[in-house]
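Let me give you the structure first, and then I'll get to my questions.
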Amino acid sequence: MKIRFNLFDEECVLNLIPKVFKKIFPRIREDEGSAETAGKSADPEHSDKKLSPAEISPPAVKEESMPSRDEDENPFSNPPELRRVIQAPVLIENLFPPESTEVLIKAQPSTNHDQCLFRINRPVLPGYSWWFGKFEDAQGSPLAERLFSIDGVEAVLVHEDTVTITRLEKTGLDWKPLAGEVGTAVREVMQQGTPLIAEKIIREMPSEDEIRSGIQRAIDTEVNPGVAGHGGNVTLNSIKGNTITIQMGGGCQGCSAADVTLKQGIHRTFREQVPFVGAIYDETDHAAGLNPYF
Amino acid sequence: MPKLMNFKLQIETGEPGMAGPVLFTINNHKLPLENIQGTTDPGGVFEGGFDVNSFAHSLTLVGPEKGQWHIRKIKVDYECGDSAPYTVTFGEVTLDETTEVNIWKDPPLPTFDV
């Protein structure tokens with residue numbers, strides 16, 4: 001014979017489970033109490049003794065040692081210690097000889113080889129960062145104009161004493177030929193002695209608070225509603241000048257598609273809604289992701 | 001993620017320092033450091049390490065049980081199974097009873113001069 005439940009019956013059964021447990025636990029307590037009393041009376045030492053009413057009733061100490069009803073209902077009354085993991089800045093020390101008069105540049109291609117970071121022993125844009133997404137954005141900034149004149153450069157990001165180049169060709173693995181051209185271009189422009197980046201950019205830069213509120217609005221209204229479908233979330237960690245650091249959580253943390261979400265979704269939304277935002281860094285510890293979507 | 005054989009920590013404390021033992025977590029297991037030297041008093045330098053011999057999914061330095069601990073610099077020497085030993089230096093951070101700081105970094109990407 002098959003027993004079939006409809007939705008209403010299932011709900012009834014589920015509602016019954018906690019009630020049944022609540023019924024069972026007091027009964028066990030009663031059983032323990034009665035067993036104690038029964039054991040006492042069965043004890044040969046006490047068997048021929050007439051027990052007083054105080055001896056028959058369960059001892060008060062035993063009752064106090066039993067967990068309270070609230071503790072019974074909350075098995076997580078002592079939750080494990082949870083701490084927030086923060087990130088400390090990584091210091092790059094002794095990269096270049098301190099007294100060098102030459103322009104020294106070190107190139108570091110990214111793991112997926114679509115970008116290359118160039119560290120220079122000279123300031124490029126102190127205190128700020130700037131994203132040149134296309135050649136037209138570079139107008140008035142000699143360094144960016146010169147870098148866009150190199151074949152294969154898709155975008156340029158400058159930040160403090162670094163330049164990051166994104167190249168058009170995503171499949172090529174060897175950065176050395178293009179990096180050599182970038183190095184030559186950077187040295188040429190630096191030797192001219194003119195400002196590397198348009199002064200207008202810094203002059204018109206909004207305050208950190210304005211950038212922060214714009215980014216937070218973008219996160220609340222577009223980014224988080226978008227990634228929530230995959231159980232993810234994005235938080236703004238810090239802002240310095242116009243450089244921001246974010247952290248991905250939930251389904252985004254450790255997700256194999258996090259890089260695509262970051263570059264094609266989050267970066268684009270931030271730059272559309274807050275045009276003055278410069279570098280966007282992701283501080284997520286993706287290796288520690290507990291429930292990645294992909 | 002490479003197999004972490006062992007790591008050594010050097011912590012430069014600022015103001016305020018910390019009185020309790022220095023603890024770290026590896027893959028969410030909290031442990032004390034071994035072969036410890038020095039102090040976490042203000043201005044002190046503390047050294048310690050641990051033979052992990054496992055894959056580190058997370059590695060953090062735990063904040064004090066009470067109060068704050070200002071750290072000027074943390075230098076970590078890692079020895080991994082499949083790559084050359086490397087060192088990472090972390091900058092200033094302040095820890096308290098609710099925080100821990102990440103001290104794990106993958107081996108550095110190769111660089112070249114241009």
Side-chain angles (χ1 to χ4, degrees), chain A residues 80-97 100 102-113 115-121 162-163 165 173-187 237-238 247 253-254 283-290 292, chain B residues 1-4 9-14 23-30 54-66 68-76 78 86-114:
Chain A
E81 183 187 14
L82 283 176
R83 285 173 182 256
R84 186 167 53 90
V85 178
I86 54 176
Q87 305 288 330
V90 175
L91 305 179
I92 309 291
E93 293 176 317
N94 308 320
L95 192 65
F96 300 109
S100 174
E102 283 179 74
V103 176
L104 301 175
I105 305 170
K106 279 195 187 290
Q108 186 181 57
S110 62
T111 42
N112 54 4
H113 287 261
Q115 291 184 325
C116 186
L117 171 73
F118 296 86
R119 288 197 175 91
I120 309 164
N121 67 340
T162 65
V163 173
I165 302 288
L173 290 178
D174 191 9
W175 261 94
K176 281 191 178 165
L178 185 55
E181 288 187 61
V182 170
T184 307
V186 170
R187 281 193 186 88
N237 268 7
S238 67
Q247 193 163 352
Q253 191 182 5
E283 273 192 346
T284 312
D285 181 6
H286 284 286
L290 296 175
Chain B
M1 177 157 298
K3 187 177 180 183
L4 180 62
L9 274 179
Q10 192 188 67
I11 305 167
E12 288 181 31
T13 299
L23 302 172
F24 76 101
T25 71
I26 176 136
N27 303 339
N28 293 330
H29 297 287
K30 200 193 283 185
S54 185
F55 293 89
H57 300 284
S58 72
L59 185 67
T60 65
L61 178 68
V62 180
E65 288 298 317
K66 229 175 194 180
Q68 290 196 325
W69 180 20
H70 180 70
I71 297 171
R72 278 195 205 131
K73 204 187 267 188
I74 308 169
K75 192 175 147 199
V76 192
Y78 307 92
Y86 62 100
T87 302
V88 175
T89 307
F90 297 91
E92 281 188 277
V93 66
T94 301
L95 298 175
D96 60 20
E97 58 266 34
T98 64
T99 52
E100 53 194 48
V101 62
N102 174 42
I103 51 168
W104 171 252
K105 284 283 165 198
D106 283 323
L109 295 168
T111 59
F112 55 91
D113 292 309
V114 293

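Here is how names work: the chains are called A, B, and so on, in the same order as the sequence lines, proteins then strands, and each is numbered from 1. These figures come from a predicted structure and were not determined experimentally. Any value given below was found using the heavy atoms of this structure, including those in side chains, with hydrogens, waters and symmetry copies removed.
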* To do: Determine the option with the most heavy-atom pairs under 4.5 angstrom with chain A, choosing from Ile103(B), Asn102(B), Val88(B).
  =>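 Result: the option with the highest number of such pairs is Asn102(B).
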* Would you say the side-chain atoms of Asn121(A) pair up with the backbone N or O of Glu102(A), donor to acceptor, closer than 3.5 Å? ->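 Flag set: sc Asn121(A) to bb Glu102(A) pair under 3.5 Å.
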* Asked: What part of Asn27(B) gets closer than 4.5 Å to chain A, counting heavy atoms only: side chain, backbone, both or neither?
  ->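 Asn27(B) has no heavy atom closer than 4.5 Å to chain A.
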* In Å and rounded to the nearest 0.5 Å, what is the CD to NZ distance from Glu12(B) to Lys75(B)? ->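 Glu12(B) atom CD to Lys75(B) atom NZ measures 9.0 Å (nearest 0.5 Å).
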* Asked: Side chain, backbone, both or neither: which part of Ser110(A) has a heavy atom under 4.5 Å from chain B?
  ->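 For Ser110(A), the backbone is the part near chain B, not the side chain.
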* Ion pair present between Glu93(A) and Lys73(B), side-chain N to carboxylate O less than 4.0 angstrom? ->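 Here Glu93(A) pairs with Lys73(B) in a salt bridge, since their nearest N and O are under 4.0 Å apart.
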* Interchain contact, Val93(B) with chain A, by part (heavy-atom threshold 4.5 Å) ->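 Side chain only.
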* Contact part of Thr89(B) toward chain A, heavy-atom cut-off under 4.5 Å: side chain, backbone, both or neither? ->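 Contact with chain A: backbone and side chain both.
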* Any side-chain donor paired with an acceptor under 3.5 Å for Asn28(B) and Thr25(B)? ->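 The criterion, which ignores hydrogens and geometry beyond distance, is not satisfied for Thr25(B) and Asn28(B).
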* To do: Establish, from distance only, whether the side-chain atoms of Ser58(B) and Trp104(B) form a donor-acceptor pair under 3.5 Å.
  =>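 No, no side-chain donor-acceptor pair sits under 3.5 Å.
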* **Contact leader toward chain B among Gly180(A), Gly183(A), Pro89(A), where contacts are heavy-atom pairs under 4.5 Å** =>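 Greatest number of close heavy-atom pairs with chain B: Pro89(A).
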* Engaged part of Thr87(B) at the chain A interface, taking heavy atoms whose separation is under 4.5 Å ->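 Neither; nothing under 4.5 Å.
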* To do: Answer with side chain, backbone, both or neither: which region of Leu95(B) has an atom nearer than 4.5 Å to a non-hydrogen atom of chain A?
  =>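 Contact with chain A: side chain only.
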* **Note, Ile71(B) side chain near Leu61(B) side chain (heavy atom, < 4.5 Å)** =>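 Heavy-atom side-chain distance check passes, below 4.5 Å.
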